[in-house]
Amino acid sequence: MIVVTGATGTVGSKVVAGLRERGESVRALVRDTAAVPAGWDEGVQPVAADFGDPASLDAALAGADVVYLLVAVDSEMAAHERNVIDAAVRTGRRPRIVLHGAAGLEHRPEGVRFVGAHVAGYDHLLASGLPWTVVAPNGFYQNFLGQAESVKAGQLAVPGGEGAVSYVDARDVADSAVRVLTTEGHEGRIYTLTGPAALTHGEIAAELGAVAGRTVDYLPVAPEAALTEMLKAGWDAWRAEGMVELYGLYAAGHAATVSADVEKLTGRPARSFADFAAEHSAAFH
């Protein structure tokens, strides 16, 4: 039995779909079983669970052989990862935990709370004694779909400085995760999942402009201004501050590592940003 947490999110939903394509039975953790995606078939067992409720996690993980541990970005995300790991221990079955972390977590960067939360979860996983694997993706191409209106106006405005980032397609992350979940030989490994190249945000703006049919200028927003805009847009302070920290990591050039792990796991090259942009050109027109 493969248990997938975060089963309705950007990556989790694709992991569930990929597992079903391989004929695997999946138990999918959701907040509300009445709101499951329409595409799930009888091979997906939705189970209501709350990361903050240990009893619900015990029931959800009972009988698990492998767990894909993916939690949402939240001020309690480190605690949520710990709670799932503890529930896995309590099953007594020693399920393998595949932790969805963040690129570079093994280097323990300071001052980036999102990565720090995954480091805490990783440390707890090591201490648990359970068999483990980490898939550690960089930022997703799909995040730029949220910039579509700005791109249509001819501008990509983010606090990314001039640093290059090896962004990755979320579909490649999911395909890599499915491989790890369904095959042996991955215990004790950290897989860094990136695209095939590290691009500056200026280069990304140019790629988006090429598919949008207009010039798109990159505006490197100051961190303080970016934080103000996110708060105005209704972001909670913890998440907004964390995004500014993450972009600071990008701006400093600490997210530019390019890994071949996607190709090693899937048997094909990682998708390029240019191909992603072309595929989603309608969103940027």
Please give me the minimum heavy-atom distance between [X] and [Y], naming the atom from each residue.
X      : Y      : value
Ile85  : Gly121 : CD1-O, 3.5 Å
Gly104 : Pro109 : O-CD, 3.5 Å
Ala237 : Leu231 : CA-CD2, 3.8 Å
Ala198 : Glu203 : O-OE1, 4.1 Å
Ala87  : Leu57  : CB-CB, 3.8 Å
Gly101 : Val134 : N-CG1, 4.4 Å

Within the side chain of [X], is there an N or O that forms a donor-acceptor pair under 3.5 Å with the backbone of [Y]?
X      : Y      : value
His285 : Ala212 : yes
Thr91  : Ala62  : no
Thr33  : Pro46  : no
Tyr191 : His186 : no
Arg94  : Gly129 : yes
Thr192 : Ala103 : no

Please name the residue in the list Arg268, Arg22, Lys14, Lys264 that meets the salt bridge (Lys or Arg N to Asp or Glu O under 4.0 Å) test with Asp175.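 Exactly one candidate clears the test, Arg268.
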
For residues [X] and [Y], determine if any side-chain heavy atom of one lies less than 4.5 Å from a side-chain heavy atom of the other.
X      : Y      : result
Val258 : Pro196 : no
Val216 : Phe284 : no
Val26  : Trp40  : no
Pro95  : Leu130 : yes
Ile204 : Val165 : no
His100 : Pro137 : yes
Tyr68  : Val15  : yes
Val98  : Val135 : yes

Scan side-chain atoms only and decide if [X] and [Y] contain a donor-acceptor pair under the 3.5 Å cut-off.
X      : Y      : value
Arg189 : Thr133 : no
Asn138 : Ser166 : yes
His124 : Glu81  : no

Intermediate values then yes/no, side-chain contact (heavy atoms from CB on, under 4.5 Å), Val11 and Phe140: CA-CA 10 Å; Val11 172; Phe140 302 149; 3.5 Å; yes

Once you measure the plane-to-plane angle for Tyr167 and His201, does it fall in the parallel (<30°), tilted (30-60°) or perpendicular (>60°) bin?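 The arrangement is perpendicular - the two ring planes meet at more than 60°.
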
On the 0 to 90° scale, with breaks at 30° and 60°, tag the Phe273-Phe144 ring pair as parallel, tilted or perpendicular.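 Because their plane-to-plane angle is over 60°, the rings of Phe273 and Phe144 count as perpendicular.
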
Could you pull out all residues at least two apart from Asp169 that satisfy side-chain contact (heavy atoms from CB on, under 4.5 Å)?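 Residues passing side-chain contact (heavy atoms from CB on, under 4.5 Å) with Asp169: Tyr141, Gln142, Arg171, Asp172, Arg271, Phe276.
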
Of all residues at least two apart in sequence or in a different chain, which pass the side-chain contact (heavy atoms from CB on, under 4.5 Å) check with Arg27?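 In terms of side-chain contact (heavy atoms from CB on, under 4.5 Å), with neighbours along the sequence ignored, Arg27 is linked to Met1, Val3, Gln45, Val47.
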
side-chain contact (heavy atoms from CB on, under 4.5 Å) assessment of Leu19 paired with Thr182: CA-CA 8 Å; Leu19 290 170; Thr182 58; 3.5 Å; yes

Under-4.0 Å salt bridge between [X] and [Y]:
X      : Y      : result
Glu241 : Arg113 : yes
Arg239 : Asp236 : no
Asp65  : Arg96  : no
Arg82  : Asp123 : no

Just verifying a value: how many Å separate Gln155 CD and Asp217 CG, rounded to the nearest 0.5 Å?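 The CG atom of Asp217 is 7.0 Å from CD of Gln155, to the nearest 0.5 Å.
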
Check the pair Val44, Val16 against side-chain contact (heavy atoms from CB on, under 4.5 Å), reporting the backbone distance first and the verdict last. CA-CA 8 Å; Val44 182; Val16 171; 3.9 Å; yes

Other residues, nucleotides, ligands: >12 heavy atoms within 6.0 Å of Arg31 CZ: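 No.
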
Leu105-Tyr247 co-clustered via ILVMFWY side chain contacts under 4.5 Å: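 Yes.
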
